[in-house]
Amino acid sequence: MSELTPQVRRRRTFAIISHPDAGKTTLTEKLLLFSGAIQIAGSVKARKASRHATSDWMEIEKQRGISVASSVMQMEFRDCVINLLDTPGHQDFSEDTYRVLTAVDAALMVIDAANGVEPQTRRLLQVCRARNTPILTFVNKMDREVQEPLALMDEIERELGMAVVPFTWPVGMGKAFGGVMDLRKEQMRVFVPGEDRNREDDEIIEGLTNPVYAERFGPAYEHAKHDIELVREAAPAFDEAEFLGGHQTPMFFGSAINNFGVREVLDALVDLAPPPGARHAIQREVKPDEKKFSGVVFKIQANMDPAHRDRIAFVRVASGQFERGMRLKVVRSGKELRPNTVVSFLSQRRELLDEAFAGDIIGIPNHGVLQLGDTLTEGESLQFTGLPFFAPEMFRTVEVADPLKTKQLRAGLTQLGEEGAIQVFRPVGGSMLLLGAVGQLQFEVVAHRLEHEYGCKARIQPARYNVARWVTCDEADGGERELKRFVDGNSHRVAHDAVDAPCVLLEYAGELRAMQENWPKIKFHALREHAGLVFQKQVEA
């Protein structure tokens with residue numbers, strides 16, 4: 001055991017994932033509230049209110065009532081340091097969410113009890129399953145007219161392919177919602193609607209068969225009692241190994257907007273979610289309690305403080321202890337950093353940080369020195385893997401409305417490209433920049449940010465391309481020379497991305513098939529891993 005082991009064991013690092021409008025950002029607020037990190041929770045939907053969700057800091061998020069960027073919050077609860085990452089639910093921002101999921105040790109999945117499992121939930125869960133990320137499930141909005149709990153449980157098991165173990169069970173729903181039974185502690189927490197503030201005086205009724213239940217909750221209790229008997233007979237017992245392998249999920253019920261069921265989730269995160277584990281680098285496996293510091297940049301955010309035009313690199317500490325002012329090597333470039341203004345986060349509120357340990361998320365202000373996927377070490381040449389970039393499915397040309405603002409447009413797009421908000425391509429033949437995205441909303445957000453953060457109004461118009469593939473060539477097939485021949489021969493439809501990786505842009509999938517036949521030595525990729533431009537797999541058209 002290393003001297004860092006006790007600090008590592010205190011850490012819990014998890015992401016909240018869900019389909020849009022399931023209540024994810026509201027639950028984030030309430031977890032902060034119950035841990036004591038904030039005193040008053042902000043309403044996510046009150047667009048004209050002066051109070052906004054702590055995790056929604058961008059102007060466009062406050063206007064629309066949605067999250068479009070992942071945010072990071074740290075809090076302490078029951079002697080644990082909890083690093084919470086709130087992710088965008090909207091599918092147009094799935095790349096940002098996928099990258100965040102590479103930086104966490106567990107995920108909290110929020111499901112709308114009325115809508116059940118929705119498309120974005122399935123997509124995000126596939127990413128978690130591919131990484132064997134343990135998942136806890138919170139079924140939200142039980143105070144509304146919703147699906148039957150047993151039907152929800154069955155749908156989650158069927159749709160997501162994982163066993164569900166209820167830790168709490170609702171008594172009634174909608175207007176008849178009385179509270180939840182804690183099946184582990186064998187007690188009921190009684191539901192009281194409303195209130196933004198942290199309540200310590202919730203009414204608790206002991207036992208699962210207390211006669212008080214029938215008197216107070218009538219048919220709702222009888223129905224819940226029958227369900228609980230069924231569940232206890234049919235559902236598997238909680239198995240820690242199955243949960244940690246991503247094959248079993250503990251399930252909790254509640255109403256985040258009413259602060260209800262949140263405390264149980266917070267307790268479960270401390271009790272069940274794993275502390276930071278070993279992380280894979282190309283060279284070796286890195287253990288969290290190793291003496292030497294290492295970390296990976298999984299997110300870059302520009303203009304969190306618009307007054308200072310800053311760029312913050314979010315770094316997941318993989319091993320060792322970070323200390324302010326220590327010398328760090330950027331493995332990709334070989335450059336040395338001595339960061340003195342490193343911060344920890346409560347969304348856009350920041351505190352100067354003196355130390356951090358494996359599992360923590362730290363923010364390093366920088367101006368273009370750090371890129372997504374960069375590994376930082378105390379000198380060792382390590383390269384962490386697994387940070388995905390997906391081939392865009394939509395393309396737009398972009399030009400500035402006022403020619404005098406061309407410089408601001410270039411600077412803005414460079415920074416937004418570096419942070420991964422959009423993919424920016426520079427065509428080999430031609431001067432007009434191209435934007436690539438997974439969804440339309442990304443273009444709208446970029447246009448809004450260019451205007452409000454960089455002071456330039458951009459004209460964003462449809463481009464003719466619909467297919468993109470990164471191109472590489474193995475050394476055995478001629479390597480750089482063959483790749484150069486390909487780029488020169490297709491200069492009218494090849495562009496370079498933010499890290500100068502060549503990418504071919506096409507109008508039709510049929511063109512790609514023909515190109516693959518004509519250039520058998522060239523490999524075409526729909527997925528790029530930032531780490532050292534390692535391509536995980538060749539994806540066929």
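We're numbering straight along the sequence, starting at 1.
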For the CZ atom of R396 and the CZ atom of F443, what is their distance to the nearest 0.5 Å?
4.5 Å

Check against side chain to side chain contact (heavy atoms under 4.5 Å, CB included), R338 and M326
CA-CA 6 Å; R338 290 196 69 177; M326 71 191 299; over 6 Å; no

Any chance you could lay out the side chain to side chain contact (heavy atoms under 4.5 Å, CB included) test for L160 and M109, step after step, and finish with the verdict?
CA-CA 11 Å; L160 305 181; M109 179 169 64; 3.4 Å; yes

Could you note down all residue pairs passing salt bridge (charged side-chain N to carboxylate O under 4.0 Å, His left out) where residues 352-372 supplies at least one of them, sequence neighbours left out?
R11-D360, R324-D354

Heavy-atom nearest pair, P276 first then A358, reads CG-O, 3.3 Å

Sequence-distant partners of F322, ring-ring contact (aromatic ring centres under 6.0 Å, His included), two or more places apart:
F293

d(K484 NZ, C473 SG) to nearest 0.5 Å is 14.0 Å

Nearest-0.5 Å distance, CZ of residue R513 to CG of residue N518
13.0 Å

Once rounded to the nearest 0.5 Å, what's the spacing between atom CD1 of I364 and atom OG1 of T341?
9.0 Å

Parallel, tilted or perpendicular: rings of F486 and F524 (30°, 60°)
perpendicular

I'd like to know if R426 and D497 make a salt bridge, using a cut-off of under 4.0 Å between side-chain N and carboxylate O.
no

Donor + acceptor pair across side chains of S294, T377 (<3.5 Å)
no

Quickly, which of R12, Q74, R316 forms a side-chain hydrogen bond (donor to acceptor under 3.5 Å, both in side chains) with N83? Name it, please.
Q74

Closer than 4.0 angstrom, basic N to acidic O: yes or no for R327 and E336?
yes

Taking all non-hydrogen atoms of both residues, which atom of A356 and which atom of I362 are closest, and how far apart?
CB-CG2, 3.5 Å

Pair L84-F14, side chain to side chain contact (heavy atoms under 4.5 Å, CB included): steps then yes or no:
CA-CA 5 Å; L84 182 162; F14 73 99; 3.7 Å; yes

Is there a donor-acceptor pair under 3.5 Å between the side chain of K405 and the backbone N or O of K457?
no

Taking atom CZ as the centre, does R284 end up with more than 12 heavy-atom neighbours from other residues, nucleotides or ligands that are less than 6.0 angstrom away?
yes

Please report the interatomic distance CG(L108) to OG(S18), rounded to the nearest 0.5 Å.
9.5 Å

Salt-bridge test for E399 and R459: reply yes if a basic N is under 4.0 Å from a carboxylate O, no otherwise.
yes

Atom of V297, atom of A313 and distance for their closest heavy-atom approach
CG1-CB, 4.1 Å

Side chain proximity check, V369 to L337, heavy atoms < 4.5 angstrom
yes

One pair to check against salt bridge (Lys or Arg N to Asp or Glu O under 4.0 Å): K523 and D474. What are the steps and the verdict?
CA-CA 8 Å; K523 292 184 176 175; D474 291 340; 2.6 Å; yes

Side chains of T28 and M73 in contact at under 4.5 Å (non-hydrogen atoms):
yes

For Q383 and Q283, the nearest pair of non-hydrogen atoms, with its separation, is N-OE1, 2.9 Å

Test item: D374 side-chain N/O and Q371 main-chain N/O as donor-acceptor pair under 3.5 Å
yes

What residue among L512, L506, I522 forms side-chain contact (heavy atoms from CB on, under 4.5 Å) with R469?
L512

Intermediate values then yes/no, side chain to side chain contact (heavy atoms under 4.5 Å, CB included), F314 and I300:
CA-CA 6 Å; F314 290 69; I300 290 176; over 6 Å; no

Minimum heavy-atom separation for F425 to A495, with atom names?
CB-CB, 3.7 Å

Any donor-acceptor pair under 3.5 Å linking the side-chain atoms of K329 with those of S381?
yes

Taking 4.0 angstrom as the limit, do R493 and E507 come out as a salt bridge?
no

Which heavy-atom pair separates L409 from V400 by the least distance, and what is that distance?
CD2-N, 3.8 Å

Donor-acceptor contact below 3.5 Å, side chain E511 vs main chain Y508:
yes

